[in-house]
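Okay, so here's the structure we're looking at.
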Amino acid sequence: MEAVVPKKHWTVAIRINHWAMAFAIFVLIGTGFLIAYPVTVPGGETWQKFSVGYIRFVHILFGMFLALLFLWRVYLAFFSTFRADWKDLLAFTNIPNTVQQIKFYLLIDKKGPPHTGLYGPMQSLAYLGLFGMVFLIVVTGIILMGAGYGAGFTALLYGILKPVERLMGGLAMVRYIHHVLTWGFVLFIVVHVYMAFWYDAVLKQGTLSSMVSGYMFEKGDH
Amino acid sequence: MVGKHYRRLLEQCKIRMDRFEKEYPAPREDFQALLKERGVSRRDFLKWTSFMTAALMLPPIFKPMVTRAAENFSRLPVVWLHFAECTGCSEAFLRSSYPNVDDILLETISLEYHETIMAAAGDQAEKCLEDCIHHFPGKYVCVIEGAIPQGLNGQFMRLGPKGETGVQIGKKVTSKAAATICIGSCAIWGGIPSARPNPTDAVGVSKALGISTVNIAGCPPNTVNFTGTLLYFIMFGAMPPLDGQGRPIWAYGKRVHDFCERRPHYDAGEFVEQWGDEGARRGWCLYKVGCKGPYTFANCPHLRFNDHISWPVMAGHGCIGCTESGFWDTMAPYEKPIHEATFGGGERTVDKIGTVLTVATVAGVAAHGVLSAMRHGRTDKKDGTTTGAGKE
Ligand code: HEM
Ligand code: SF4
């Protein structure tokens with residue numbers, strides 16, 4: 001039988017970034033929907049309560065956190081000393097591979113395309129999409145944040161992003177785009193988590209544990 | 001302490017006012033006499049100057065200049081055009097419970113032409129307009145109320161004895177004006193006439209005529225925002241700084257939500273859940289019954305309407321976002337928190353669509369999981385190897 005050897009896949013930086021982003025996104029979806037559909041707190045005096053204020057605070061805090069994580073991730077994509085994966089994110093440009101991958105996913109074919117990079121073709125497309133969504137939600141989030149707070153760094157960023165607000169059709173549309181993107185994240189999470197389990201079950205290379213340990217297991221002569 | 005910048009500005013303002021007094025025709029009315037006649041005391045007038053100076057975001061040393069500009073207000077020739085609109089903006093400016101200084105100012109305004117309120121009619125009226133353009137080229141201010149329909153080559157709107165289209169009249173009058181001020185949503189971006197489905201292809205003045213305009217946004221706008229902008233023009237010979245939607249920053253630089261008197265209830269999580277409930281009685285935040293204050297830039301909470309008596313949120317209905325471009329479409333429905341006319345209209349909100357999609361996706365991956373187990377599971381048993389070399 002062939003030897004099963006662990007092979008390093010993800011650096012510590014990528015793993016920390018991944019789980020921090022995941023945590024931030026979960027918090028942001030939760031607090032985000034609570035901002036969109038706030039809950040009335042009936043009892044007590046007004047001055048004793050600050051629920052929506054705190055929710056906004058947590059949301060904006062994790063929002064800025066996500067913005068920084070995103071910058072870090074983009075940096076890693078280009079300058080990671082272990083593996084700058086920006087080229088891997090273009091795997092979908094190999095059309096025959098992409099078609100083969102889709103057949104594999106639709107259970108038409110039993111084999112996926114050959115290993116080329118870090119990501120499969122559909123996976124690269126999904127992650128590029130995710131980065132696009134993170135970028136957009138960060139931009140719209142910063143605009144929403146700047147609209148209500150006119151000082152310091154926020155004001156500076158808002159000043160720069162004001163034309164974007166105009167382009168999107170005013171603050172109401174910025175908020176709408178921010179809200180629609182939230183659903184994009186919900187859908188992404190469902191598919192992403194499922195695919196991780198699926199690969200783990202089908203390929204048996206330890207996909208699930210790899211984002212914790214950093215290693216995937218491969219059969220062969222490594 | 002008044003900064004150097006403001007001292008210099010004050011000097012410029014004085015020079016400009018001297019020139020203005022020389023170049024423009026004599027005031028039509030003695031403003032101070034008129035105030036007395038209408039029962040506005042000197043004290044009230046001084047209060048008003050302080051208020052206006054502050055509203056324009058100028059330091060108190062400008063108060064005498066605001067007074068002087070007010071006294072010279074009636075020197076400025078104004079042409080007021082009506083296009084596709086309801087005349088509600090004019091109405092809002094003209095009607096008030098009792099005259100305050102802003103209303104009296106607007107009364108003294110040297111209106112050369114205003115279709116709703118001028119005495120002249122027909123050819124005579126037309127002559128007034130032509131005289132003004134002829135006598136005060138580059139000096140008069142053109143105020144436009146109403147959208148310009150572009151459909152059928154502009155023929156959805158023909159006006160006056162010569163049957164000119166809105167575009168033709170607009171071009172004729174604005175080309176010789178010192179500045180063009182758009183009053184209300186219709187003139188700015190099209191307003192109701194341009195709301196979906198916009199059968200006449202109505203657009204705002206600046207788009208129809210290809211000019212830049214000063215936009216006094218609102219449906220209707222606040223009188224103070226208009227008089228203030230004209231006073232600024234008289235004082236400085238230029239229009240005030242504008243934001244991306246062409247609105248004066250002094251009036252439209254801040255968000256309704258951030259200056260709303262109900263804001264503490266928002267932060268405290270105290271919301272009106274439905275009309276007439278306990279929250280409504282206690283003056284709680286109107287977000288959940290559709291307030292659009294969080295997305296709207298305007299000074300309504302500061303200035304209020306009708307002699308600063310009230311404004312929509314104070315009266316108990318949410319803000320509908322009327323100072324923002326495209327608000328009829330982007331902010332509707334006004335009594336729900338998020339807008340509905342998403343895909344194909346109807347009652348489908350993005351949240352309903354999102355929920356359905358999520359449920360469908362979960363069902364989809366579950367089905368895929370079962371099918372995968374059947375297909376790949378069998379393989380495993382048969383030849384003992386896993387399939388595929390594709391990689392996560
Ligand atoms: C995955 C990331 C994110 C999700 C899922 C998310 C979700 C949401 C949702 C659902 C809302 C409510 C919108 C509504 O009123 O309908 C919201 C509002 C908001 N978000 Fe986010 N958001 C994310 C990231 C960010 C980021 C990165 C920032 C800023 C740095 C940000 C700042 C804001 C602000 C300022 C608001 C408005 C809060 C208010 O009205 O006071 N968000 N977000
Ligand atoms: S009533 Fe409207 S503007 Fe006022 S705090 Fe509530 S949401 Fe904001």
Side-chain angles (χ1 to χ4, degrees), chain A residues 36-42 46-53 55-56 100-101 104-105 107 110-115 118-120 123 147-148 150 162-163 165-166 169-176 179-180 182-183 186-187 190-191 194-205 207 210 216, chain B residues 243-245 253-255 257-258 264-273 278-279 282 284-285 287-288 292 294-297 321 324-327 330-331 337-339 342 350-351 353-355 357-358 361-362 364-366 368-369 371-376 379 385-392:
Chain A
Y37 297 102
V39 179
T40 301
V41 186
T46 305
W47 59 267
Q48 294 169 318
K49 300 185 275 181
F50 201 61
S51 62
V52 174
I55 289 166
R56 288 190 61 236
Q100 179 64 27
Q101 186 75 27
F104 182 43
Y105 284 163
L107 308 173
K110 283 206 166 185
K111 264 186 188 302
H115 291 212
L118 213 47
Y119 310 118
Q123 203 183 3
K162 193 82 188 171
E165 178 189 314
R166 179 88 188 99
L171 202 56
M173 287 320 283
V174 172
R175 173 267 190 141
Y176 193 62
H179 193 108
V180 171
T182 302
W183 282 107
V186 173
L187 293 178
V190 173
V191 175
Y194 172 73
M195 288 313 285
F197 275 93
W198 191 78
Y199 264 107
D200 200 74
V202 172
L203 292 191
K204 301 199 166 60
Q205 292 180 343
T207 309
S210 75
M216 295 256 270
Chain B
D243 72 3
Q245 296 187 27
K254 300 253 161 66
R255 202 167 58 142
H257 188 52
D258 295 324
H265 297 298
Y266 172 89
D267 287 328
E270 295 181 328
F271 297 96
V272 175
E273 297 281 339
E278 178 61 19
R282 296 175 65 179
W284 286 358
C285 167
Y287 174 83
K288 288 178 106 170
K292 301 295 182 284
Y295 323 107
T296 307
F297 289 87
E324 293 292 315
S325 283
F327 80 97
T330 61
M331 309 251 183
I338 196 159
H339 97 117
T342 357
V350 57
D351 294 314
I353 294 170
T355 313
L357 277 181
T358 308
T361 315
V362 170
V365 296
H368 190 264
L371 290 177
S372 304
M374 278 157 59
R375 189 161 162 83
H376 288 290
T379 321
T385 57
T386 48
T387 44
K391 217 181 180 196
E392 169 81 4

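Below, chains carry the letters A, B, ... as their sequence lines are ordered, and counting in each starts from 1. Just the heavy atoms: all of them, side chains too, but no hydrogens, waters or symmetry mates, feed the values below.
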* To do: Quick one: pull up OH in A/Y37 and OH in B/Y287 and give me the separation to the nearest 0.5 Å.
  => 7.5 Å
* So what's closer than 4.5 Å to chain B heavy atoms on A/V39: side chain, backbone, both or neither? -> backbone
* **chain B contact via A/E165 - side chain, backbone, both or neither, heavy atoms under 4.5 Å** => side chain
* Structure fact -> chain B shares the most heavy-atom pairs under 4.5 Å, among A/V186, A/V41, A/V52, with A/V52
* To do: Heavy-atom distances under 4.5 Å only: say whether B/D351 touches chain A with side chain, backbone, both or neither.
  => both
* Asked: How close do B/R375 and A/L107 get, heavy atom to heavy atom, and via which atoms?
  -> NE-O, 2.6 Å
* Asked: Any idea which heavy atoms bring A/R166 and B/S325 closest together, and the distance?
  -> NH1-OG, 4.0 Å
* **Reported OH-to-OG distance for the pair A/Y194 and B/S372, which is rounded to 0.5 angstrom** => 4.0 Å
* To do: Could you check which of B/T355, B/V272, B/L371 has the highest count of heavy-atom pairs closer than 4.5 Å to chain A?
  => B/T355
* Asked: Closest heavy-atom contact between A/G170 and B/Q245?
  -> CA-NE2, 4.5 Å
* A/R56: salt bridge (Lys or Arg N to Asp or Glu O under 4.0 Å) partners, not counting sequence neighbours -> none
* For A/S51 against B/G269, the heavy-atom pair lying closest together -> OG-CA, 3.5 Å
* **NZ or CZ of A/K49 within 45° of B/F271 ring axis and under 6.0 Å** => no
* To do: Just jot down the side-chain hydrogen bond (donor to acceptor under 3.5 Å, both in side chains) partners of A/T40, sequence neighbours excluded, or say none.
  => B/E273
* Heavy-atom pair count under 4.5 Å with chain A, highest-scoring of B/E324, B/K254, B/R282, B/E270 -> B/E270
* Asked: Could you walk me through whether A/H179 and B/V350 pass the side chain to side chain contact (heavy atoms under 4.5 Å, CB included) check?
  -> CA-CA 8 Å; A/H179 193 108; B/V350 57; 3.7 Å; yes
* Could you tell me which of A/P163, A/G169, A/G53, A/A147 has the largest number of non-hydrogen atom pairs under 4.5 Å with chain B? => A/A147
* Answer whether the closest heavy-atom distance between the side chains of B/T296 and A/L171 falls below 4.5 Å. => no
* First locate atom CH2 of A/W183, then atom OG1 of B/T358, and finally report the distance between them rounded to the nearest 0.5 Å. => 4.5 Å
* Measure the CE-CZ distance between B/M331 and A/R175 for me, rounded to the nearest 0.5 Å. => 9.5 Å
* To do: For this output row, return yes or no: ring centroids of B/H368 and A/Y105 closer than 6.0 angstrom.
  => no
* Asked: In Å and rounded to the nearest 0.5 Å, what is the CG to CG distance from A/L187 to B/L357?
  -> 5.5 Å
